[in-house]
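The structure displayed is predicted, hence computed values, not measured ones. Order of the sequence lines sets the chain letters (A, B, ...), proteins ahead of strands, with each chain counted from 1.
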Amino acid sequence: MTLVIDTEHLTKFYGSSRGIVDVDLDVEVGDVFGFLGPNGAGKTTTIRILLDLLRPSSGTATVLGLDARADGVSIRGRVGYLPGEYALYPRLTGAETLRYYANLRGGVDWPYVDTLARRLDFDQARRAGDLSTGNKRKLGLIQAFMHRPELLILDEPTAGLDPLVQREFYAMVDEAHAAGQTIFLSSHVLPEVQRVCSRVGFVREGRLVAVEDVAALGKKAVHHVEIEFAGAAPASEFETLAGVGAVRATDHRLGFTVTGTLDAIVKTAARHEVVAMTSHEPDLEDLFLAYYGEGAADAAAGEGADDAA
Amino acid sequence: MPPRGKGPTMLRDAFFKGLRDQRRSLLIWVAAVAVYVVMMCSLFPSIREGAADMQGYIESMPEAFRRAFMGESTDFGNAVTYLNGELFSLMTPLFVMIFGIALAAAQIAGEEENGTLSLLLAFPVSRARLLFQKYGVLVAGTVVLCGAHLVTMLLANAAIGLDVAVSDLVGAHASLFLLALAVATVAFAVGAATGRRGLTIAVGAGLGIVSYLLNVVAQLVESLGWLKKLSVFYYYGGAEPLRLGFRPAYAAVLLAVAAGALLVAWLAFERRDVRV
């Protein structure tokens with residue numbers, strides 16, 4: 001398989017402060033790759049190097065087989081990019097802004113821009129200065145998709161979008177994937193990555209710590225389960241099950257964590273009268289816990305608030 | 001493609017978009033400069049009447065002082081002396097330099113601080129191309145303002161009968177343009193290299209003020225005469241560009257300053273990280 005994004009030992013320091021360290025990233029043609037990590041982990045830094053907005057301290061980055069630094073213009077002609085943070089020209093309307101961006105790009109099929117705007121329910125007549133965060137994001141998404149690029153690089157694409165638009169965005173990603181486009185998106189929300197991505201790379205403190213198939217994630221994931229029984233909580237029956245830990249029992253309630261599938265606990269619970277049962281999706285910290293143990297999760301949870309850039 | 005929205009042709013690239021952004025500000029500057037020029041020129045006939053009395057007063061000033069601020073001639077009955085003193089020695093260069101520095105700050109540094117540069121550089125436009133298109137906006141704006149000053153002055157010259165040679169007016173305005181361009185390009189380079197709007201304005205303004213002061217001090221203190229050579233103001237013609245006319249060698253120095261600064265802008269912008 002040809003690599004659409006290929007970085008080797010990619011490292012970026014801002015003065016003496018860490019951006020990313022030794023990132024080896026392989027994204028293949030047709031991947032929907034989720035770049036997952038807490039804020040400040042180095043996701044934005046990596047993306048901005050791919051777009052040639054930042055220059056790496058060391059290491060190399062290749063996009064679509066071209067050198068990120070030397071062939072930036074050709075790369076950007078074939079990539080759609082949504083920055084994590086950006087401003088628009090307050091006095092231009094949405095339509096004028098998109099027209100300007102389409103002109104800078106060249107060869108944009110304008111009816112398709114209108115189609116995208118309708119899909120995202122974006123009002124092109126309003127001035128950019130009057131747009132809400134969500135609407136600015138929509139404009140950003142439209143310009144990223146407008147030329148049907150081979151590769152979409154989307155930095156936190158759903159931040160600030162309301163759930164309905166978020167769903168439309170997921171549909172757009174699915175369609176782009178079906179059309180053979182490659183998608184690389186960053187996120188700090190696990191369910192989002194699970195919803196749209198086929199592969200996920202975990203970033204932590206500037207390092208790419210693991211790359212997994214999303215389908216395999218569930219097997220290692222930690223679920224928090226809580227069961228309310230009609231009778232006394234049968235704690236002892238659960239404590240002995242494989243993968244179950246941290247069991248806490250009050251008279252009718254039982255709470256515990258499960259690593260892997262829920263099959264055994266459901267079958268065990270079925271032997272009793274169950275009043276209610278809840279299972280929480282594993283969050284990012286839990287996943288780090290499953291992968292790297294206590295120390296890693298603490299470190300991930302304690303990261304700074306902002307992506308260094 | 002069907003035209004859509006206002007002025008789609010002005011949105012074809014960063015140069016035209018830059019001009020579009022400046023249209024309101026440019027209009028105001030042109031109007032202000034034109035009004036100022038007309039006002040000063042129309043005062044001349046009444047000044048000329050009292051010029052003989054004024055000459056005695058002017059000549060009573062210390063010579064070095066007089067030269068520093070007014071140049072050789074003391075005859076305010078002469079339109080060239082009057083226009084040098086009232087416009088070209090300070091106010092006019094001040095206006096065009098302020099305009100040029102503000103325009104320079106609105107280019108790379110302005111886009112970067114506003115947060116619009118990240119997206120702009122996400123399109124298949126090279127940094128060099130963007131930089132030169134942005135610089136084109138600066139040059140075009142400065143040409144328009146200096147041109148408006150020239151045109152107004154040519155009209156006033158004919159209407160009021162100032163009797164200044166057209167070639168002298170054109171020459172002085174060429175020097176004026178090059179002065180503004182040199183200062184604004186240095187500011188532009190600071191913006192391109194750092195992306196900081198405040199620093200861009202500070203360095204541009206600093207260069208203008210220091211240059212003016214150096215030129216004055218060099219006239220006032222004989223032993224410091226060499227200092228004037230460090231001042232872009234000196235190459236512009238100091239206090240009397242209209243009398244000195246266009247001097248190619250001096251103009252070349254200003255052009256070289258602009259070219260050097262543009263080169264620095266390009267090299268620095270090519271190499272550096274762009275901030276979010």
Side-chain angles (χ1 to χ4, degrees), chain A residues 12 14 19 44-45 48-49 51-57 72-111 113-114 124-125 128 139-140 143-144 147 153 155 306-309, chain B residues 1-26 106-134 137 192-193 195 197 267-276:
Chain A
K12 175 71 183 176
Y14 302 97
T44 296
T45 298
R48 289 174 72 84
I49 291 173
L51 269 301
D52 195 33
L53 290 163
L54 299 179
R55 274 64 195 268
S57 308
V73 175
S74 328
I75 291 172
R76 295 197 297 273
R78 294 161 62 188
V79 169
Y81 168 52
L82 175 73
E85 273 175 59
Y86 55 91
L88 301 168
Y89 303 100
R91 292 213 298 258
L92 293 190
T93 64
E96 287 167 341
T97 309
L98 287 167
R99 179 62 78 180
Y100 180 43
Y101 291 158
N103 289 341
L104 291 176
R105 204 164 258 307
V108 171
D109 168 25
W110 193 261
V113 175
D114 284 333
Q124 295 189 58
L139 194 154
Q143 66 77 29
H147 54 302
I153 298 181
D155 196 354
D306 286 314
D307 236 19
Chain B
M1 257 188 253
R4 151 189 281 278
K6 241 191 306 177
T9 54
M10 291 305 277
L11 294 171
R12 83 184 80 152
D13 62 26
F15 172 70
F16 286 99
K17 163 76 166 53
L19 289 184
R20 186 186 190 280
D21 291 344
Q22 295 303 326
R23 60 193 170 176
R24 204 164 306 171
S25 144
L26 201 53
Q107 303 308 314
I108 303 286
E111 293 247 13
E112 192 158 358
E113 288 214 347
N114 289 340
T116 51
L117 189 61
S118 281
L119 205 42
L120 201 54
L121 285 172
F123 299 102
V125 177
S126 70
R127 287 200 193 180
R129 185 167 173 166
L130 182 71
L131 182 102
F132 289 115
Q133 287 186 348
K134 288 277 177 195
V137 175
R197 188 164 22 202
L267 295 177
F269 190 51
E270 278 288 354
R271 275 163 178 71
R272 76 178 172 91
D273 290 346
V274 169
R275 282 178 297 137
V276 169

Quiz item: With distance as the sole test, does B:R197 use its side chain to make a donor-acceptor pair with the main-chain N or O of B:E111 at under 3.5 Å?
Solution: no
Quiz prompt | Choice from B:R271, B:R129, B:R127 maximising heavy atom contacts with chain A below 4.5 Å | solution = B:R127
Practice problem: State plainly whether the residues B:D21 and B:R24 are in salt-bridge range, i.e. N to O under 4.0 Å. | Solution: no
Exercise. For chain B, find which of A:Q143, A:K12, A:R55, A:R105 contributes the most heavy-atom pairs closer than 4.5 angstrom.
Key: A:R55
Self-check item: Among A:G94, A:P90, A:A87, A:G77, residue most engaged with chain B (heavy-atom pairs, under 4.5 Å)
Solution: A:A87
Exercise. Using the six-membered ring of B:F269, assess whether NZ or CZ of B:K134 lies under 6.0 Å from its centre and within 45 degrees of the ring axis.
Key: no
Quiz item: Quick one: what part of A:R91 sits under 4.5 Å from any heavy atom of chain B, side chain, backbone, both or neither?
Solution: side chain
Quiz item: Any salt bridge between B:R20 and A:E96, counting N to O under 4.0 Å?
Solution: yes
Quiz prompt | Residue of the set B:V274, B:L117, B:D273 for which side chain to side chain contact (heavy atoms under 4.5 Å, CB included) holds with A:L53 | solution = B:V274
Quiz item: Using a cut-off of under 4.5 Å for heavy-atom pairs, which of A:T97, A:V73, A:V79 has the most such pairs with chain B?
Solution: A:V73
Exercise. Examine whether an atom of A:L82 lies under 4.5 Å from a heavy atom of chain B, and if so say whether it belongs to the side chain, the backbone or both; otherwise answer neither.
Key: neither
